[in-house]
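Taking it in order: structure first as structure tokens, then the write-up.
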Amino acid sequence: MRYEKLSNEAVALALSELDHWMLCEDQTAISKEFAFGDFTQAFGFMTECALVAEKMDHHPEWFNVYRRVDVRLTTHDVNGLTAHDFKLAAAMDKIAARRV
Ligand code: H2B
């Protein structure tokens, strides 16, 4: 399914419904730093998220070192944010909540 680029107002509203996600300066992406107990937890989180992302056909940009995972979500197709990004962000928060 294709989603349209969200307006600044829609982005602000969607962001207010998430915990600790930050809007990037140019407003084309949101980001969050996840921290887990150890590398196994962090990598398990990434594995679960990868399966969800593949199902959605919407993929995170992320960086992992030890127990930390830095995530950035954007929709390349529109060079901005769409409902896909917020759906994936909420799913990632749910997966993380089971591990911390
Ligand atoms: N992931 C993200 N984060 N943004 C996209 O625009 C995107 C994607 N596009 N995954 C998808 C794949 C697209 O390239 C394919 C062709 O559907």
Side-chain angles (χ1 to χ4, degrees):
M1 198 211 288
R2 295 267 154 234
Y3 284 114
E4 287 180 12
K5 186 170 176 169
L6 296 173
S7 66
N8 289 351
E9 292 76 18
V11 165
L13 180 65
L15 200 59
S16 73
E17 290 166 359
L18 292 174
D19 273 338
H20 298 109
W21 285 86
M22 311 267 289
L23 187 58
C24 297
E25 211 163 292
D26 65 2
Q27 312 227 340
T28 61
I30 53 173
S31 65
K32 181 168 176 173
E33 293 177 14
F34 291 90
F36 299 91
D38 56 25
F39 176 72
T40 304
Q41 289 294 322
F43 202 80
F45 165 76
M46 293 176 81
T47 304
E48 266 195 71
C49 289
L51 298 176
V52 171
E54 184 59 11
K55 230 182 218 167
M56 286 177 64
D57 192 27
H58 198 68
H59 303 87
E61 296 170 18
W62 49 14
F63 173 80
N64 162 241
V65 59
Y66 181 40
R67 63 190 188 86
R68 204 182 84 218
V69 185
D70 297 341
V71 179
R72 186 174 177 276
L73 301 179
T74 185
T75 302
H76 311 121
D77 297 355
V78 303
N79 188 34
L81 288 160
T82 63
H84 278 302
D85 299 299
F86 290 95
K87 261 178 101 166
L88 184 55
M92 293 179 99
D93 279 349
K94 220 169 151 183
I95 292 167
R98 294 204 299 271
R99 297 179 180 276
V100 284

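Atoms within each ligand, like the ligands themselves, are counted from 1 in listed order. Atoms considered below: every heavy atom in the structure, side chains included; atoms not considered: hydrogens, waters and symmetry mates.
Annotation: salt bridge (Lys or Arg N to Asp or Glu O under 4.0 Å) contacts of E61 (sequence neighbours excluded): R72.
Aromatic ring pairs are classed by plane angle as parallel below 30°, tilted from 30° to 60° and perpendicular above 60°; the pair F36 and F45 is tilted.
For the residue pair D26 / T28, a side-chain donor-acceptor distance below 3.5 Å is found, with atom types taken as modelled.
Every protein residue with a heavy atom nearer than 4.0 Å to ligand 1 is included here: R2, D57, H58, H59, T74, T75, H76, D77.
Judged purely by atom type and a 3.5 angstrom limit, D70 has no side-chain atom pairing as donor or acceptor with the backbone of E33. N64 contributes a side-chain N or O that, together with a main-chain N or O of R68, makes up a donor-acceptor pair within less than 3.5 Å.
The closest side-chain heavy-atom distance from K5 to T75 is not below 4.5 Å.
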